[in-house]
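Only a predicted model underlies this, so the values are computations on that prediction, with no experimental measurement involved. Indexing begins at 1, ligand by ligand and atom by atom, following the structure's order.
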Amino acid sequence: MSRDVIVACDFQSAEQTFAFLDRFPEEKPFVKIGMELFYAAGPEIVRQIKARGHRIFLDLKLHDIPNTVQKAMRVLSALDVDIVNVHAAGTRRMMEAALEGLTRPDGGRPLLIAVTQLTSTDEQTMQRELLIGESLDETVLRYAENAAAAGLDGVVCSPLEAGKVHARCGASFLTVTPGVRFAEGDVGDQKRVTTPGRARELGSDYIVVGRPITAAADPVAAYRRCVKEFLG
Ligand code: C5P
């Protein structure tokens, strides 16, 4: 897979989502379907967006006992998306189970990546509330190592950590990075943020961009700006 911009379609209905996607005259953006849209519109929205020719990152962040995650992944595997994910905090055994469940009888499967620490979490909150004594950087890197050891294809992390993840886990280990904002944009609830251009310099493979595109007055122009700044 090559580097790209993934648009987080955090909408509450299929209608809103298609109204948004219909605005793109030429491009077929790589789409992220998260909990909001999946819970609202169900698996059918995945099939419909796929049928329109978009690649899909199904961002459901599974985190449960290994048996449950394995069985859930078996169901998701039938949706034929391009990327799915779990929380690395679910442990290495859970990530291995996820991979097992995802792999089809012919050996094919979507890419599987693990969330390290949410980009809305800063170091102080992680240490105080999650009771993790390490630095945020070290936590992300150790979780990434666990994901790599479990056989996963990459992680979700901040662009600020992408280069370090590659140094630790290898250049081909994917870094999929939300927490992207235009230089003059609103940060919202995100904490570990940077611009598309800086994400490129830091080595992100994919940037995930939601509100800077979906809430823009001209979403197509905002998407094109992201692509230009990130892909150069
Ligand atoms: O609107 P915004 O650009 O902040 O959207 C970022 C998207 O990436 C959201 O859909 C959010 O759920 C997702 N995400 C994240 N941080 C992670 C994993 C996923 O922000 N660590």
Side-chain angles (χ1 to χ4, degrees), residues 4-13 16-17 20-21 29-41 45-46 49 54 56-63 81-90 95 111-123 125-126 129-130 132 136-137 139-144 146-147 152-162 164-165 174-199 202 204-217 219 222-223 225-227 229-230:
D4 209 345
V5 173
I6 302 179
V7 182
C9 286
D10 293 323
F11 298 112
Q12 292 199 344
S13 69
Q16 281 174 16
T17 309
F20 171 75
L21 293 176
F30 199 137
V31 164
K32 183 177 88 71
I33 300 175
M35 296 181 198
E36 183 180 0
L37 183 57
F38 192 79
Y39 293 157
I45 187 82
V46 178
I49 294 178
H54 296 268
I56 297 176
F57 168 22
L58 188 57
D59 176 27
L60 298 181
K61 300 188 181 68
L62 277 65
H63 185 176
V81 296
D82 299 276
I83 308 178
V84 294
N85 64 354
V86 293
H87 268 286
M95 291 189 270
L111 293 172
L112 178 61
I113 61 178
V115 177
T116 52
Q117 283 294 321
L118 296 171
T119 42
S120 54
T121 305
D122 59 20
E123 183 167 88
T125 312
M126 182 193 79
E129 296 186 21
L130 307 185
I132 295 174
L136 199 140
D137 265 9
T139 306
V140 167
L141 293 173
R142 295 278 285 280
Y143 280 28
N146 284 343
L152 272 63
D153 304 293
V155 287
V156 185
C157 60
S158 159
L160 304 171
E161 295 129 21
K164 295 171 208 163
V165 168
L174 294 176
T175 54
V176 178
T177 65
V180 173
R181 292 293 181 264
F182 292 122
E184 74 288 2
D186 250 3
V187 169
D189 57 350
Q190 295 284 15
K191 295 272 168 56
R192 296 169 8 243
V193 298
T194 192
T195 62
R198 186 77 187 120
L202 291 166
S204 292
D205 295 293
Y206 291 90
I207 53 171
V208 176
V209 189
R211 289 161 288 183
I213 293 175
T214 55
Y223 171 76
R225 178 177 169 194
C226 256
V227 169
E229 287 187 21
F230 182 59

Discussion item. Please list, in number order, the atoms of ligand 1 under 4.0 Å from a heavy atom of R211.
Written reply: 1 (O), 2 (P), 3 (O), 4 (O)
Item to complete: Run the contact test for K32 against ligand 1 with a 4.0 Å cut-off on heavy atoms, strictly below, and give the result.
Response: yes
Worksheet entry | Interfacing atoms of ligand 1 (cut-off 4.0 Å, heavy-atom, P212) | 3 (O)
Worksheet item: Are side-chain heavy atoms of Y143 and H87 found at a separation under 4.5 Å?
Response: no
Item to complete: With heavy atoms only and a cut-off of under 4.0 Å, state how Q190 meets ligand 1: side chain, backbone, both or neither.
Response: side chain
Practice prompt. Indicate yes or no: does an N/O atom of R181 lie under 3.5 Å from an N/O atom of ligand 1?
Written response: yes
Discussion item. Using the side chain to side chain donor-acceptor pair (under 3.5 Å) definition, which of the options Q190, R192, K191 pairs with T119?
Written reply: Q190
Practice prompt. Indicate, with yes or no, if the rings of F11 and F20 have centres closer together than 6.0 Å.
Written response: yes
Worksheet item: Does the ring-ring contact (aromatic ring centres under 6.0 Å, His included) test come out yes or no for F30 and Y206, once each step is laid out?
Response: CA-CA 10 Å; F30 199 137; Y206 291 90; 5.7 Å; yes
Worksheet item: Judging by distance only, is a nitrogen or oxygen of G210 under 3.5 angstrom from one on ligand 1?
Response: yes
Worksheet, complete the sentence: Given the options D4, D59, D82, K32 meets salt bridge (charged side-chain N to carboxylate O under 4.0 Å, His left out) only with D59
Worksheet item: Nearest to atom 21 (N) of ligand 1 by heavy atom, L118, V208, V193: which?
Response: L118
Fill in: Minimum-distance protein heavy atom relative to atom 8 (O) of ligand 1
P178 CB, 3.5 Å
Worksheet item: For residues T175 and D205, is any side-chain donor paired with an opposing acceptor at under 3.5 Å?
Response: yes
Discussion item. Taking side-chain hydrogen bond (donor to acceptor under 3.5 Å, both in side chains) as the definition, give me every residue that meets it alongside D10, ordered by chain and number, with sequence neighbours left out.
Written reply: none
Worksheet entry | Part of C157 within contact of ligand 1 (heavy atoms, under 4.0 Å) | neither
Item to complete: Looking only at protein heavy atoms, identify the closest one to atom 16 (N) of ligand 1 and say how far it is in Å.
Response: T119 OG1, 2.8 Å
Discussion item. Quick check on contacts: which atoms of ligand 1 are under 4.0 angstrom from a heavy atom of V156?
Written reply: 17 (C), 18 (C), 21 (N)
Discussion item. Minimum distance, heavy atoms only, to atom 9 (C) of ligand 1: which one of V155, D10, I6 is it?
Written reply: D10
Item to complete: Would you please test E229 and R181 for salt bridge (Lys or Arg N to Asp or Glu O under 4.0 Å) and show each step?
Response: CA-CA 11 Å; E229 287 187 21; R181 292 293 181 264; over 6 Å; no
Worksheet entry | Within-shell test, G34 vs ligand 1, heavy atom, strictly < 4.0 Å | no
Worksheet item: From S158 OG over to L118 CG, what is the distance, rounded to the nearest 0.5 angstrom?
Response: 11.5 Å
Practice prompt. Using a 4.0 Å heavy-atom threshold (strictly under), name the region of K61 that reaches ligand 1: side chain, backbone, both or neither.
Written response: side chain
